[in-house]
Amino acid sequence: MDKSPDLPELSKTALQKIGRNILNLQRMEGMLKTLVSHSEISGTFSEFPERANQLRESASKKTMGNLVGEFFKRVHSESFEPEMPEDQEGACISFGFRIGCSDDFTEAFKESLALLVKERNQLIHQKLLSFNLHSADSCRELIASLDDQNLRLKPAYEVLHGHVKGLADLAAMMGEVLRKVEDFEEKSSDA
């Protein structure tokens, strides 16, 4: 066993930084699930809530790597072709959320997220398995690696968080529009 006097503090710091990075990576995965599952929803008013639940359920089962692929296919995309049934009676609603960025930004962001997915998998499946909590050298090595990863993680985290905030703002605005339509419908039904 390592007799280094700073081992207890190094062990504590290593565990804190493992927790920080894993938590932030999981939050990023959650943001990707939110963005992917809410990027395209279409259907009748009665089908809409169930369709939204199906999309959330589908996204909840995807790996982070698959979510990144879906994110760039659906959200960082210029195309949106809602699936509306031709024989549908009644009103339908279609919602599409897209983010427009330069090709250079999109490519750099795609590479950044791909690298983070790779690093996340290495952390979970390799680095933590070889990490020795009772070795000052192992703690120092992991702490340095986690700090470097965190520096790469922060900008991508902020971009995804900004996208989720944009989606939330849009959803709030759409909710207000629908409330105004409902209010108008109630007032006009007295004629």
Side-chain angles (χ1 to χ4, degrees), residues 14 16-43 48-49 51-84 92-128 141-178:
Q16 289 172 339
K17 292 185 184 229
I18 290 168
R20 174 199 63 198
N21 286 29
I22 290 175
L23 177 63
N24 286 333
L25 287 162
Q26 287 307 113
R27 285 179 175 167
M28 288 176 69
E29 185 174 322
M31 288 186 271
L32 286 164
K33 287 177 181 182
T34 297
L35 291 164
V36 166
S37 68
H38 292 87
S39 63
E40 296 176 7
I41 308 174
S42 301
F48 205 77
R51 183 70 183 127
N53 286 336
Q54 290 170 349
L55 292 169
R56 278 191 295 274
E57 180 67 23
S58 174
S60 74
K61 296 176 181 167
K62 294 184 190 280
T63 65
M64 190 170 179
N66 288 335
L67 288 165
V68 168
E70 285 280 317
F71 173 75
F72 285 101
K73 178 180 165 190
R74 297 174 67 170
V75 180
H76 263 268
S77 167
E78 294 179 12
S79 65
F80 174 61
E81 297 180 24
E83 296 176 20
M84 302 300 269
C92 293
I93 187 169
S94 178
F95 177 83
F97 180 75
R98 296 291 178 275
I99 297 165
C101 296
S102 72
D103 290 344
D104 290 342
F105 176 84
T106 299
E107 195 56 40
F109 192 46
K110 189 183 290 188
E111 288 174 12
S112 171
L113 288 179
L115 177 62
L116 286 172
V117 168
K118 181 180 175 184
E119 287 184 357
R120 176 214 169 268
N121 291 340
Q122 287 175 340
L123 174 63
I124 300 299
H125 300 294
Q126 295 168 9
K127 287 185 179 182
L128 292 181
E141 183 180 319
L142 186 62
I143 289 168
S145 174
L146 291 168
D147 284 344
D148 288 344
Q149 182 183 57
N150 192 52
L151 290 174
R152 287 185 297 281
L153 187 151
K154 280 182 179 182
Y157 185 101
E158 292 303 320
V159 169
L160 288 175
H161 186 261
H163 291 344
V164 170
K165 182 177 180 339
L167 177 60
D169 291 347
L170 181 60
M173 188 171 53
M174 290 302 299
E176 183 60 29
V177 167
L178 293 175

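Because only heavy atoms are used, hydrogens play no part in the values below, and waters and symmetry mates are left out as well, while side chains stay in.
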### Query
Which distance, rounded to the nearest 0.5 Å, do you find between the CZ of Phe71 and the NE2 of His76?
4.0 Å
### Criterion salt bridge (Lys or Arg N to Asp or Glu O under 4.0 Å) against Glu40, the qualifying member of Arg51, Lys73, Arg98
Arg98
### Task
Please name the pair of heavy atoms, one in Leu113 and one in Ala156, separated by the smallest distance, quoted to 0.1 Å.
CD2-CB, 4.0 Å
### Query
Which pairs pass side chain to side chain donor-acceptor pair (under 3.5 Å) with one or both residues in residues 149-158, sequence neighbours excluded?
Asn21-Gln149, Glu119-Arg152
### Query
Any side-chain heavy atom of Leu151 sitting closer than 4.5 Å to one from Asp147?
no
What side-chain donor-acceptor pairs closer than 3.5 Å can you find for residues 26-38, not counting sequence neighbours?
from  : atom 1 : to    : atom 2 : distance (Å)
Glu29 : OE2    : Lys33 : NZ     : 3.2
Lys33 : NZ     : Ser60 : O      : 3.2
Thr34 : OG1    : Gly30 : O      : 3.1
Ser37 : OG     : Lys33 : O      : 2.8
Ser37 : OG     : Thr34 : O      : 3.4
His38 : ND1    : Thr34 : O      : 2.8
His38 : NE2    : Arg56 : NH1    : 3.2

## Note on the structure
One should read off an interatomic distance between Ser39 OG and Glu70 CD, to the nearest 0.5 angstrom, of 8.0 Å
### Residues Asp103, Lys110: salt bridge by 4.0 Å N-O rule
no
### Query
Would you call the rings of Phe109 and Phe72 parallel, tilted or perpendicular if under 30° counts as parallel and over 60° as perpendicular?
perpendicular
### 4.5 Å side-chain heavy-atom contact, Leu170 and Met173
yes
### Task
Starting at CG of Leu116, measure out to CG of Asn24 and round the result to the nearest 0.5 Å.
10.5 Å
### Query
Does a side chain donor of either Thr63 or Asn66 reach within less than 3.5 Å of an acceptor in the other side chain?
yes
#### Entry: Validation row: Ile22, Ile124 side chains within 4.5 angstrom (heavy atoms)
yes
### Query
How long is the span from the CG atom in Leu153 to the CG atom in Leu25, to the nearest 0.5 Å?
4.5 Å
### Query
Got a second to check how far Glu141's CD is from Leu146's CG, nearest 0.5 Å?
10.5 Å
### Side-chain heavy atoms of Phe97 within contact of Arg74, under 4.5 Å
no
### Interatomic spacing from CD1 in Ile99 to NE2 in His163 - rounded to 0.5 Å
3.5 Å
